[in-house]
Amino acid sequence: AMRQVDPRRAEAGHWALILLVVQNSALVMIMHHSRNGPTEQGPRYLASTAVLLVEAIKLSASLVFATYDICRSHPSSSISNILLLLRRSVFAPDSWKLILPAALYTLQNSLVYAAISNLDAVTFQVTYQLKILTTVLFSILLLGTSISSRQWAALVLLTFGVALVQVAGPIGNEGWKDRLTSLIQGDLLLEALEAPASGAVKGLLAVLSAAVISGLTCVYFEKLVKDSLATVSLWTRNIQLSFFSLFPALFVGVLWQDGAAIARDGFFAGYKPIVWLTIALQAIGGLIVAVCIAYAGNVAKNFAASLSIVVSYAATALLFRTPMTWPATGGAATVIVAMYLYNGRQMSRTSLLPTSKDS
Ligand code: C5P
């Protein structure tokens with residue numbers, strides 16, 4: 001069934017896509033800068049504590065936004081009445097539906113950490129781009145999205161272009177030729193076949209599962225939110241999602257995995273300003289992703305994320321004077337071409353990003 005897109009929501013989705021490009025580019029560049037910046041001694045911060053803090057920040061922000069929504073629709077309500085309405089909407093009978101995506105997102109986030117610690121950054125990021133294709137597959141299966149063959153070609157081009165920018169881009173600008181040839185010759189695959197229990201195999205399995213879970217969870221969340229947007233606001237859904245994410249983040253991550261280290265070194269061991277900045281950017285990113293998924297759709301969200309990789313490639317070259325390479329620049333051009341190809345004639349004049357027409 002065709003859903004009527006509320007123009008105010010479409011507008012919000014549009015801005016969220018642009019914000020996602022900016023936020024993602026900032027995150028990529030800060031991580032690049034922190035890796036190349038002065039290295040200090042001391043313990044590394046624990047990923048599980050960062051994950052928990054990100055969820056806590058998202059939960060607090062969603063609570064503020066949801067309260068604001070209720071205040072606007074019930075202007076003369078008392079504070080206790082507003083709190084009652086808030087409690088009723090958050091603990092609605094169908095809030096259990098968020099348990100599955102909360103568990104899957106937590107699993108996805110920890111698989112990403114496992115993949116990063118077993119693979120080099122470029123292999124990880126290139127393989128993780130497969131989530132562009134898994135998202136489309138699940139959109140077809142769960143949302144009934146129809147994709148033309150031109151759009152399929154555009155998506156494959158997009159995946160290829162993003163991967164090329166990652167391989168030959170600024171993340172490790174030395175030795176990109178070696179990396180590209182070893183990727184083409186399948187060295188990693190060979191290593192994986194020769195030593196099935198190696199870190200490479202674990203890393204590859206982790207990133208492949210993360211890509212599949214990303215597609216499934218994002219599409220599930222999109223369907224859930226869109227199906228009930230008339231009665232349940234996006235911020236209520238986000239409160240429910242963050243609430244259920246707190247449990248695995250606290251009990252599995254912080255207490256079970258890292259409990260001993262935290263008891264020894266403290267919760268905030270290794271926290272530096274750059275860690276706080278990354279946590280803040282990740283929390284803001286999660287909120288922006290939520291708006292993108294709900295009001296613009298997952299395919300558009302992935303296009304925005306891909307565009308941010310191109311933007312950060314160009315910006316890093318300008319700001320940090322990392323050399324540009326032909327394959328990376330070709331990959332960047334491929335991403336732009338893929339965007340036009342995907343949208344065909346319906347490309348919005350004001351933006352390169354896909355419109356929400358396909359959802
Ligand atoms: O890589 P991918 O696009 O699948 O990442 C989605 C990210 O957005 C996850 O880290 C997830 O925690 C976050 N998210 C969120 N709130 C939502 C939906 C996704 O914070 N409503």
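Residues take their numbers from the sequence shown, with the count starting at 1. All ligand and atom numbering here is 1-based and tracks the order in the structure.
- In this structure, the protein non-hydrogen atom closest to atom 16 (N) of ligand 1 is Gly286 O, 3.5 Å.
- Smallest separation of non-hydrogen atoms from Cys218 and Lys301: SG-NZ, 3.4 Å.
- A parallel orientation is assigned to the rings of Tyr271 and Phe267, their planes being inclined by less than 30° (bins at 30° and 60°).
- Ser228 contributes no side-chain N or O that, together with a main-chain N or O of Thr231, makes up a donor-acceptor pair within less than 3.5 Å.
- Residue-to-ligand polar distances keep Glu55 apart from ligand 1: every N/O pair is separated by 3.5 Å or more.
- Judged purely by atom type and a 3.5 angstrom limit, Asn24 has no side-chain atom pairing as donor or acceptor with the backbone of Ser308.
- Under the 4.5 Å side-chain heavy-atom criterion for ILVMFWY residues, no single connected hydrophobic cluster contains both Leu53 and Trp256.
- Distance from atom 5 (O) of ligand 1 to its nearest protein heavy atom, with residue and atom name: Gln108 NE2, 3.8 Å.
- Taking the six-membered ring where the residue is Trp, the centroids of Trp276 and Tyr45 are separated by 6.0 Å or more.
- Protein heavy atom at the shortest distance from atom 21 (N) of ligand 1 is Asn238 OD1, 2.9 Å.
- The atoms of ligand 1 that sit less than 4.0 Å from any heavy atom of Leu241 are 16 (N), 17 (C), 21 (N).
- Ser110 places a side-chain N or O within 3.5 Å of a backbone atom of Leu107 that can act as its donor or acceptor partner.
- Among all non-hydrogen protein atoms, the one lying nearest atom 10 (O) of ligand 1 is Asn109 OD1, 3.3 Å.
- Ligand 1 does not have Arg237 within reach: every non-hydrogen atom of the residue lies 4.0 Å or more from it.
- Protein heavy atom at the shortest distance from atom 20 (O) of ligand 1 is Lys58 NZ, 2.5 Å.
- Of the heavy atoms in Ala305, none comes closer than 4.0 Å to ligand 1.
- Looking only at heavy atoms of the protein, atom 8 (O) of ligand 1 is closest to Val289 CG1, 3.6 Å.
- By the 3.5 Å distance cut-off applied to N or O atoms, Ser214 is counted among the residues near ligand 1.
- Linking ILVMFWY residues whenever their side-chain heavy atoms come closer than 4.5 Å, directly or via other members, leaves Ile293 and Val22 in distinct clusters.
- Counting heavy atoms closer than 4.0 Å to ligand 1, residue Lys131 contributes side-chain atoms (C-beta onward) but none from N, CA, C or O.
- Counting the atoms of ligand 1 from 1 in the order shown, those under 4.0 Å from a heavy atom of Cys218 are 4 (O).
- Using a 4.0 angstrom heavy-atom cutoff, Gln282 does not count as in contact with ligand 1.
- The closest non-hydrogen atom to atom 7 (C) of ligand 1, taken over Tyr128, Phe221, Tyr105, comes from Tyr105.
- A distance-only check finds a donor-acceptor pair linking the side chain of Ser89 to the backbone of Leu86 [under 3.5 Å].
- The protein non-hydrogen atom at the shortest distance from atom 3 (O) of ligand 1 is Lys301 NZ, 2.7 Å.
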What donor-acceptor contacts under 3.5 angstrom involve side-chain atoms of residues 93-103, with partners at least two apart or in another chain?
unit_1	atom_1	unit_2	atom_2	d
Asp94	OD2	Arg237	NH2	2.9
Ser95	OG	Ala92	O	3.1
Trp96	NE1	Pro93	O	3.2

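- Residue-level proximity to ligand 1 for Thr217 is absent, since no heavy atom of it falls below 4.0 angstrom.
- Nearest heavy-atom pair, Ala338 versus Leu158, reported as atom, atom and distance to 0.1 Å: CB-N, 3.7 Å.
- Between Glu55 and Lys58 there is a salt bridge, with a side-chain nitrogen of the basic residue lying less than 4.0 Å from a carboxylate oxygen of the acidic one.
- Under a 4.0 Å criterion applied to the non-hydrogen atoms of Ala290, ligand 1 contributes the atoms 17 (C), 21 (N).
- The shortest N/O to N/O separation between Asn302 and ligand 1 does not fall below 3.5 Å.
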